[in-house]
There are 2 protein chains.
Amino acid sequence: MTTQGRVTIADVAARAGVSVATVSKVINSRYGVAEATALVVREVIDDLGYESSLVARSLRSHRTNVLGILVAEFEPFSAELLKGASSAVAGTGYELLAYSAGGRADGNAGWERRSLSRLSGTLIDGAILVTPTVVDVQQGVTVVAVDPHTGPSHLPTIDSDNLAGAVRATEYLLALGHRRIGFLGGRTDLESARLRDEGFRQAMAAAGVAVDPGLVRVGGYRRETAEPVARELLAGPGRPSAVFAANDISAIATIDAARELNLSVPADLSVIGFDNVPESALTTPPLTTIAQPIQEMGAQALRVLVEALTGGEVPAHVRLPTALVERASCAPPARPA
Amino acid sequence: MTTQGRVTIADVAARAGVSVATVSKVINSRYGVAEATALVVREVIDDLGYESSLVARSLRSHRTNVLGILVAEFEPFSAELLKGASSAVAGTGYELLAYSAGGRADGNAGWERRSLSRLSGTLIDGAILVTPTVVDVQQGVTVVAVDPHTGPSHLPTIDSDNLAGAVRATEYLLALGHRRIGFLGGRTDLESARLRDEGFRQAMAAAGVAVDPGLVRVGGYRRETAEPVARELLAGPGRPSAVFAANDISAIATIDAARELNLSVPADLSVIGFDNVPESALTTPPLTTIAQPIQEMGAQALRVLVEALTGGEVPAHVRLPTALVERASCAPPARPA
DNA sequence: CTGTTAGCGCATTCAC
DNA sequence: GTGAATGCGCTAACAG
């Protein structure tokens with residue numbers, strides 16, 4: 001008797017010669033089942049490789065023990081977050097479901113709300129939103145945000161010290177002797193991008209160096225958007241001697257653009273990034289960058305979510321430190337200004 | 001009127017002043033709705049940020065346009081696969097759902113069958129199984145496997161040329177002058193691990209160098225399992241002058257073990273890995289390794305799955321090439337044997 | 001102790 | 001264009 005398609009609780013019941021109710025009780029270890037019966041049922045379950053359907057179960061019990069991580073797409077940053085969350089979820093009894101809105105990243109604002117709509121209320125007990133733009137808190141779902149949009153939010157939030165990191169990056173370039181420093185900004189709707197911009201300006205002002213508006217661009221954090229902008233920034237006549245890119249993806253795009261223009265990094269152009277995704281070590285030359293503890297951010301987000309779900313004390317805001325990682329993409333300018 | 005909890009189709013209907021049936025038709029672009037009505041409905045949908053519930057929809061139509069990637073946990077290898085699949089999914093009309101069995105990786109054999117049971121038939125239209133052990137094809141779900149278990153399988157499979165890669169790695173160490181070469185094997189249930197072992201032995205035999213059984217261990221591909229074994233391998237009196245680790249995680253664990261034992265890499269010990277996950281560039285010294293095109297494997301897996309779902313021709317097996325990536329963890333032995 | 005029965009929730013799809 | 005029945009696998013309440 002080949003069971004066709006999925007194995008359902010009915011298959012198990014039939015094979016074990018009991019009712020579905022009894023099987024359900026065995027699965028959920030309820031009282032009222034003879035040990036002998038339970039034994040048989042468990043055997044059949046093992047035998048058939050039965051596992052209850054997430055959908056059907058959530059339909060009734062409104063509890064799935066599954067936590068969602070909602071991202072726009074799986075790129076280096078969200079992948080690191082996932083690794084961190086995955087290591088933190090072990091032992092909590094929860095499982096992890098990562099959902100990507102489909103990668104159509106552009107005209108796709110509001111993906112977080114839509115993804116949440118699709119999954120919540122039924123499939124997942126709670127969610128981690130990664131770089132969400134719209135966060136009008138939907139009641140009925142427990143949610144924490146990682147690196148969210150600009151403006152106040154009532155969600156528990158995990159981020160890193162973007163301002164201090166950006167100041168550090170800029171100071172580093174200044175200390176090397178750079179004065180014509182370009183800034184390749186991030187997604188303007190995100191608080192992190194705003195703070196990195198602000199940190200850049202603060203550090204420049206503190207050093208008494210004027211920011212040349214022509215050297216400040218928006219790269220949008222993504223390779224496709226950052227690359228043409230980087231090329232533009234470097235192609236002009238008054239090109240910068242150093243670029244602070246708001247994330248590593250943009251920094252990598254900048255290095256590639258420099259190569260195309262026959263500019264040598266770091267001899268002709270210094271580049272510093274932000275994030276320290278693993279990819280940053282793979283560039284030629286390896287990228288100097290500001291590290292965020294991304295995996296730790298993912299782990300913290302998961303812990304906060306579990307805490308919120310179990311009714312514990314939830315911090316409104318967790319901020320992790322950033323640090324400079326010196327590799328080889330920065331050097332003193334060829335002819336100091 | 002604050003909609004509480006999720007926005008349902010009923011909310012949309014009420015707000016638009018039509019019936020739920022009409023809304024459903026508009027969503028699925030069925031005939032029989034006046035253009036004016038449809039316009040109003042679409043406006044309300046946008047306004048409310050409505051998105052159909054995955055659960056409810058799959059309940060009726062058995063089609064969700066969601067593809068699953070099932071992994072044991074989110075670690076570097078599966079994360080790379082995810083990136084590749086994510087980039088390939090854009091434009092296909094599908095969305096991606098990655099599901100992790102919970103990270104309790106050990107006594108957890110059969111996770112792939114359980115995960116598949118939980119999600120299939122309802123939530124996802126098809127699945128990519130990553131390093132599955134048990135692959136007794138469940139009817140009713142379209143599935144492709146990446147780097148599956150040993151033995152014949154009737155699933156479309158994506159992998160890389162593990163044998164050639166392992167031969168290449170071993171030849172590289174031999175060419176440097178190493179003779180006492182250790183092998184830190186992978187998960188014995190996976191075909192990839194078997195082939196890497198075989199490639200090692202083939203290359204050794206071809207060079208006329210005997211394999212010292214005391215230098216061959218099983219590291220299981222995971223950090224927790226590989227680290228103690230690596231320590232053991234290096235602590236003994238007749239320690240190897242070079243180690244070929246079956247994946248980068250094991251290689252990194254080997255480098256760490258060497259550091260603890262005050263062995264310098266590569267002066268006292270050469271280490272070569274397999275996979276070329278981004279993390280391999282972050283070690284000190286950076287790891288020399290055999291690259292698999294992991295992202296490309298993820299992208300191919302996704303393409304094959306979509307092809308299978310749309311009834312196209314599906315290759316039984318896609319094998320991608322491997323290549324040596326020379327970094328800095330290998331050197332000639334201190335005193336050639 | 002076990003079986004029967006009635007929903008759970010939401011989108012779809014008849015028949016009108 | 002609408003109302004109402006229906007789909008799914010599971011669980012809870014109660015009956016036997």
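Protein chains get the first letters and strands the later ones, always in sequence-line order, with residue 1 at the start of each. No experiment lies behind these values; they were computed from the predicted model shown.
Residues from residues 19-35 of chain B with heavy atoms under 4.0 angstrom of DNA chain D, sorted by number: B:Ser19, B:Ala21, B:Thr22, B:Lys25, B:Gly32, B:Val33, B:Ala34.
Contacts of A:Ser58 with the nucleic acid, taken as non-hydrogen atoms under 4.0 Å apart, are absent. Contacts of B:Val18 with the nucleic acid, taken as non-hydrogen atoms under 4.0 Å apart, involve only primed sugar atoms and P, OP1 or OP2.
Here B:Tyr50 reaches the OP1 or OP2 of C:dA11: one of its side-chain N or O atoms lies under 4.0 Å away. Listed pair A:Ser61 / D:dC10 fails the phosphate criterion, with no side-chain N or O lying under 4.0 Å from OP1 or OP2.
Contacts of B:Glu224 classified as salt bridge (Lys or Arg N to Asp or Glu O under 4.0 Å), with partners at least two apart in sequence or in another chain: B:Arg222.
Rounded to an integer number of Å, the gap from CG of A:Leu123 to C1' of C:dC8 is 14 Å. Regarding A:Arg60, its CZ atom lies at a distance of 5 Å from the C1' atom of C:dG7, rounded to whole Å. Distance, A:Arg57 CZ to D:dG9 P: 15 Å, rounded to whole Å. The interatomic distance linking A:His62 (NE2) with D:dC10 (P) rounds to 16 Å, in whole Å. The CZ-P distance, from B:Arg118 to D:dC10, rounds to 11 Å in whole Å. Taking atom CG of B:Leu119 as the reference point, atom C1' of D:dC8 lies 16 Å away to the nearest angstrom.
Inspection of the A:Asp147 and A:Thr131 side chains reveals no N or O donor paired with an N or O acceptor under 3.5 Å. Side-chain atoms of A:Ser78 and A:Glu75 include a donor-acceptor pair closer than 3.5 Å.
With hydrogens and angles disregarded, no donor-acceptor distance shorter than 3.5 Å links the side chain of A:Ser24 to the backbone of A:Val20. Proximity of a side-chain donor or acceptor of B:Ser86 to a complementary backbone N or O of B:Gly84 within less than 3.5 Å is not detected. A distance-only check finds no donor-acceptor pair linking the side chain of A:Arg42 to the backbone of A:Val40 [under 3.5 Å].
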